[in-house]
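Please read the structure below before turning to the comments.
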Amino acid sequence: MIILLKDKVNEKQVKNLTNWLEGIGFDLHISKGQNQTIIGLIGDTSRVDMDLISSLDIVESVKRIQEPFKSANRKFHEEDSVVDCGGVKIGGGHFQIIAGPCSVETREQIIAVAQSVKASGAGMLRGGAFKPRTSPYAFQGLHEKGLELLSEAKRATGLPIVTEIMEAAHLPLFEDVDVIQVGARNMQNFELLKELGQTRKTILLKRGLANTLEELLMSAEYIMAGGNENVILCERGIRTFETYTRNTLDLSAVPVLRRLTHLPVVVDPSHGTGHAYLVPSMAMAATVAGADGLIIEVHNDPPHALCDGKQSLTPEQFDDLARRIMAVKEYAVR
């Protein structure tokens, strides 16, 4: 349920209303825009007398929310959220490119890639230290050593780092990580999401391989219900019957999510297609579709990458793409 207050209401009256609502057992989400204030009620609203609340002098209207997600719902928070990622903002008109290798391999590799993507305009550095792989025999990442190398690359370039977490027990290792990524396989690992809700780290939540957008938003709700509202959503492709691409990149998810939620939405065309030659066109299409950012895999030697080299761009290819993306972005916002 949302309560829309009238313009220029008395703060004492608002305080009396919120105190009363909290006193009868509701958690509140209060959103103050330029012109209006919205109070979102989280809890069992079936016992609330809508007519009583509607009759209050400071109340403009009262509406029930049908969607199961509340905190992530744009009806609770009409303006786009702006999320801080180690000093870099995303959402609400702040567009960012997150770039780097699928996995951290060596000190020389991650620092070289970090320096090159920063020079090309990337705002954040991605790199996997813990790698979930379908095969138990595939490279699983450098783990703690990988995190140390990411931190070194961060010190060398100033780029905030984005890396994936596998389980809640690893959280103490992520102190120097600016954005914790929840991968597609863990999107519905609800115990992990609950733990991340207790942190104040920014969480980049990827859509699962076969999950609906509502399920993605409900996973975001798990994090936000714990008090952590620093959430970024990521469309990274879903599994369909098509075999010419690694996944089917659902670009329609961008405008749908922008309509449903105030959270920033980014697109990963690298995992979404699985082929480097498809990344530029899909990255530009995602930008035009209204994405708040992109995640693009960049490796200084893709043929010899230990993970996902087939979908990785070279630094030179990324530099060209970044220029094209910003040109498309400038045109799209006119």
Within a reach of under 6.0 Å around NZ of Lys201, are more than 12 heavy atoms found that belong to other residues, nucleotides or ligands?
yes
Establish whether Tyr277 and Met282 are linked, either directly or via other cluster members, by ILVMFWY side-chain heavy-atom contacts under 4.5 Å.
no
Hydrogens and angles aside, do Thr134 and Arg185 bring a side-chain donor and acceptor to less than 3.5 Å of each other?
yes
For Asn211 and Gln188, test the side chains for any donor-to-acceptor distance below 3.5 angstrom and give the result as yes or no.
yes
So, do Thr106 and Ile110 sit near enough that their side-chain heavy atoms are less than 4.5 Å apart?
no
Residue pair Glu297 / Asp308, side-chain heavy-atom distance below 4.5 Å
yes
Side-chain touch Lys310/Ser312, heavy atoms, less than 4.5 angstrom
no
Spacing of Leu159 atom CG and Leu150 atom CG [to the nearest 0.5 Å]:
11.0 Å
If we ignore angles and hydrogens, is there a donor and acceptor under 3.5 Å between the side chains of Gln311 and Arg246?
yes
Hey, does the side chain of Glu22 reach the backbone of Ile24 with a donor-acceptor pair shorter than 3.5 angstrom?
no
Would you sort out whether Leu233 and Leu204 count as a side-chain contact (heavy atoms from CB on, under 4.5 Å), showing the intermediate values?
CA-CA 6 Å; Leu233 304 175; Leu204 192 152; over 6 Å; no
In Å and rounded to the nearest 0.5 Å, what is the CG to CG distance from Asp268 to Leu249?
8.0 Å
Quick test of your reading of the model: are Glu152 and Arg107 salt-bridged, counting only N-O distances below 4.0 Å?
yes
Decide whether Val88 and Val266 are clustered together by the hydrophobic rule: side chain heavy atoms of Ile, Leu, Val, Met, Phe, Trp, Tyr closer than 4.5 Å, transitively.
yes
Hey, mind stepping through Lys206 and His271 against side-chain contact (heavy atoms from CB on, under 4.5 Å) and telling me if it holds?
CA-CA 11 Å; Lys206 285 197 165 188; His271 282 91; 3.7 Å; yes
All side chain to side chain contact (heavy atoms under 4.5 Å, CB included) counterparts of Asp301, not counting sequence neighbours
His299, Pro303, His304
To the closest 0.5 Å, what do you measure between CG (Leu149) and CG (Leu142)?
6.5 Å
Worked check of side-chain contact (heavy atoms from CB on, under 4.5 Å) between Leu209 and Arg236
CA-CA 8 Å; Leu209 280 71; Arg236 48 79 68 206; 3.9 Å; yes
Check for me, please, whether Val298 and Met326 land in the same ILVMFWY cluster - side-chain distances under 4.5 Å, paths through other members count.
yes
Are Ile238 and Leu205 connected in a single hydrophobic cluster, I mean Ile/Leu/Val/Met/Phe/Trp/Tyr linked by side-chain heavy atoms less than 4.5 Å apart?
no
When you compare the side chain of Ile3 with that of Ile38, does any pair of heavy atoms fall below 4.5 Å?
no
Taking the side chain as everything from C-beta on, heavy atoms only, tell me whether Met224 gets closer than 4.5 Å to Leu263.
yes
Just do the side-chain contact (heavy atoms from CB on, under 4.5 Å) check on Leu147 and Asp176 with the steps written out, would you?
CA-CA 8 Å; Leu147 292 173; Asp176 197 39; over 6 Å; no
Are any non-hydrogen side-chain atoms of Ile90 and Val82 less than 4.5 angstrom apart?
no
What is the distance from atom CD1 of Ile58 to atom NZ of Lys6, rounded to the nearest 0.5 Å?
9.5 Å
Between CZ on residue Phe130 and CD on residue Glu144, distance to nearest 0.5 Å:
5.0 Å
Glu191: salt bridge (charged side-chain N to carboxylate O under 4.0 Å, His left out) partners, not counting sequence neighbours
Lys194
Roughly how far apart are Asn19 CG and Lys12 NZ, rounded to 0.5 Å?
11.5 Å
Are Val83 and Ile223 connected in the hydrophobic side-chain network, where two residues link if heavy atoms are under 4.5 Å apart?
no
Is the shortest heavy-atom distance from the side chain of Ile161 to the side chain of Val179 under 4.5 Å?
no
Can you find a side-chain donor-acceptor pair between Thr202 and Asn230 that sits under 3.5 Å?
no
Without swapping roles, check the side chain of Asp292 against the backbone of Gly93 for a donor-acceptor pair under 3.5 Å.
no
Asp178 (side chain) donor-acceptor with Val162 (main chain) under 3.5 angstrom:
no
Could you work out, with side chain to side chain contact (heavy atoms under 4.5 Å, CB included) as the rule, every residue matching Glu164, not counting sequence neighbours?
Pro132, Met166, Gln181
Is the side chain of Glu105 donor-acceptor paired with the backbone N or O of Leu306 at a distance under 3.5 Å, no angle test?
yes
How close do Ile203 and Thr199 get, counting heavy atoms only, and between which atoms?
CD1-OG1, 4.4 Å
Output yes when a side-chain donor or acceptor of His170 lies under 3.5 Å from a complementary backbone atom of Pro172, and no otherwise.
no
Do Ile296 and Val279 make a side-chain contact, defined as non-hydrogen atoms from C-beta onward lying under 4.5 Å apart?
yes
Which pair of heavy atoms, one from Ile53 and one from Trp20, lies closest together, and at what distance?
CG1-CZ3, 4.1 Å
